[in-house]
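For reference, the structure is listed below as structure tokens.
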Amino acid sequence: MNKSSNSLSEAPHARQILQALKKHHGKAETALAWDNPWQLLVAVILSAQCTDERVNLVTPPLFAKWPGPGDLAAADLEDLRAAIASVNFYNNKAKHIHAAATLIAEKHGGEVPQTMEELVELPGVARKSANCVLGTGFGMAVGVVVDTHVGRLARRMGLSEHKDPVKVEKDLMALFPKKQWVWLSHALIDHGRAVCTSRKAKCEECPLESLCPKLIDNS
DNA sequence: CTCCCGATAT
DNA sequence: ATATCAGGAG
């Protein structure tokens with residue numbers, strides 16, 4: 001038969017994985033540049049399917065020109081579009097950021113909301129981005145951030161067999177203690193960028209090699 | 001499911 | 001030339 005029948009209950013050495021990640025990605029944090037939750041929210045919206053490095057190129061001028069939600073809500077959409085033109089999906093992202101700024105200015109008193117329900121109502125923000133803002137911006141461990149890196153690593157390491165990011169998140173939340181969720185997200189992303197890359201995983205130099213079933217798939 | 005869509009790595 | 005990048009909306 002396929003994979004050993006104890007698929008889910010095996011609790012794949014979660015503690016050892018945490019220790020190994022801690023050792024090699026102990027100081028992992030977001031690579032996005034931000035000074036307050038509002039800036040983090042904008043950076044996260046821009047970061048969809050884009051490198052953090054590129055996002056960090058456009059956000060400083062952006063925040064210098066339009067410091068807060070009210071400023072951005074009053075901005076000309078064409079100007080905003082031009083300001084983020086080097087980022088992918090810039091047309092949609094400009095609309096989303098402008099609309100989110102307007103909603104926050106008008107309905108949230110200019111403050112970024114701090115609940116999952118309110119955050120996902122913002123244009124351009126779904127569960128993954130909301131988890132970023134809640135976890136990194138507000139220090140609230142509501143969930144695990146499952147982006148392209150975390151999803152890929154979770155599947156390769158045998159921690160989840162799902163493709164749906166929400167289901168992967170559920171698996172990770174069940175495997176790891178809540179206290180580690182925010183840091184774990186950053187550590188996995190770090191590891192995904194540096195070692196367990198999408199194209200060609202560098203298993204030879206991977207500190208988690210002995211903990212990995214090496215089910216290197218392509219999804 | 002498709003569309004959005006620039007910059008960089010391979 | 002093609003795959004990938006802190007995804008989300010219609």
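All chains are named by letter (A, B, ...) in the order of the sequence lines, taking the proteins before the strands, and each is independently numbered beginning at 1. Atoms considered below: every heavy atom in the structure, side chains included; atoms not considered: hydrogens, waters and symmetry mates. All values reported here derive from a predicted model rather than from experimental measurement.
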**OP:** Report whether A:Val120 and A:Val112 are members of the same hydrophobic cluster (ILVMFWY, side-chain heavy atoms less than 4.5 Å apart, transitive linking).
**Re:** yes

**OP:** Verify, without hydrogens or angle tests, whether A:Trp181 (side chain) and A:Phe176 (backbone) share a donor-acceptor contact under 3.5 angstrom.
**Re:** yes

Original post:
To the nearest Å, how far apart are A:Ile97 CD1 and B:dC4 C1'?
Top reply: 14 Å

Original post:
If you measure from the P atom in B:dC4 to the same atom in C:dA1, how many Å do you get, rounded?
Top reply: 23 Å

**OP:** Taking A:Lys128 for its side chain and A:Asp147 for its backbone only, find out whether a donor-acceptor pair lies under 3.5 Å.
**Re:** no

**OP:** May I have all residue pairs that pass ring-ring contact (aromatic ring centres under 6.0 Å, His included) and include part of residues 76-131 of chain A, sequence neighbours excluded?
**Re:** none

**OP:** For nucleotides B:dC1 and C:dA6, find the distance between their P atoms and express it as a whole number of Å.
**Re:** 24 Å

Original post:
What is the per-nucleotide protein-contact pattern of nucleotides 3-10 of chain C, from the 5' end, where B denotes a base atom under 4.0 Å from a protein heavy atom, S denotes such proximity for sugar-phosphate atoms only, and - denotes neither?
Top reply: BSBBBSS-

Subject >> Backbone N/O of A:Cys196 and side chain of A:Arg152: donor-acceptor pair under 3.5 Å >> reply: yes

Original post:
What nucleic acid atoms does A:Ala85 come within less than 4.0 Å of, heavy atoms only: base, sugar-phosphate, or nothing?
Top reply: sugar-phosphate

Original post:
Got a donor-acceptor contact below 3.5 angstrom from the A:Lys202 side chain to the A:Thr197 backbone?
Top reply: no

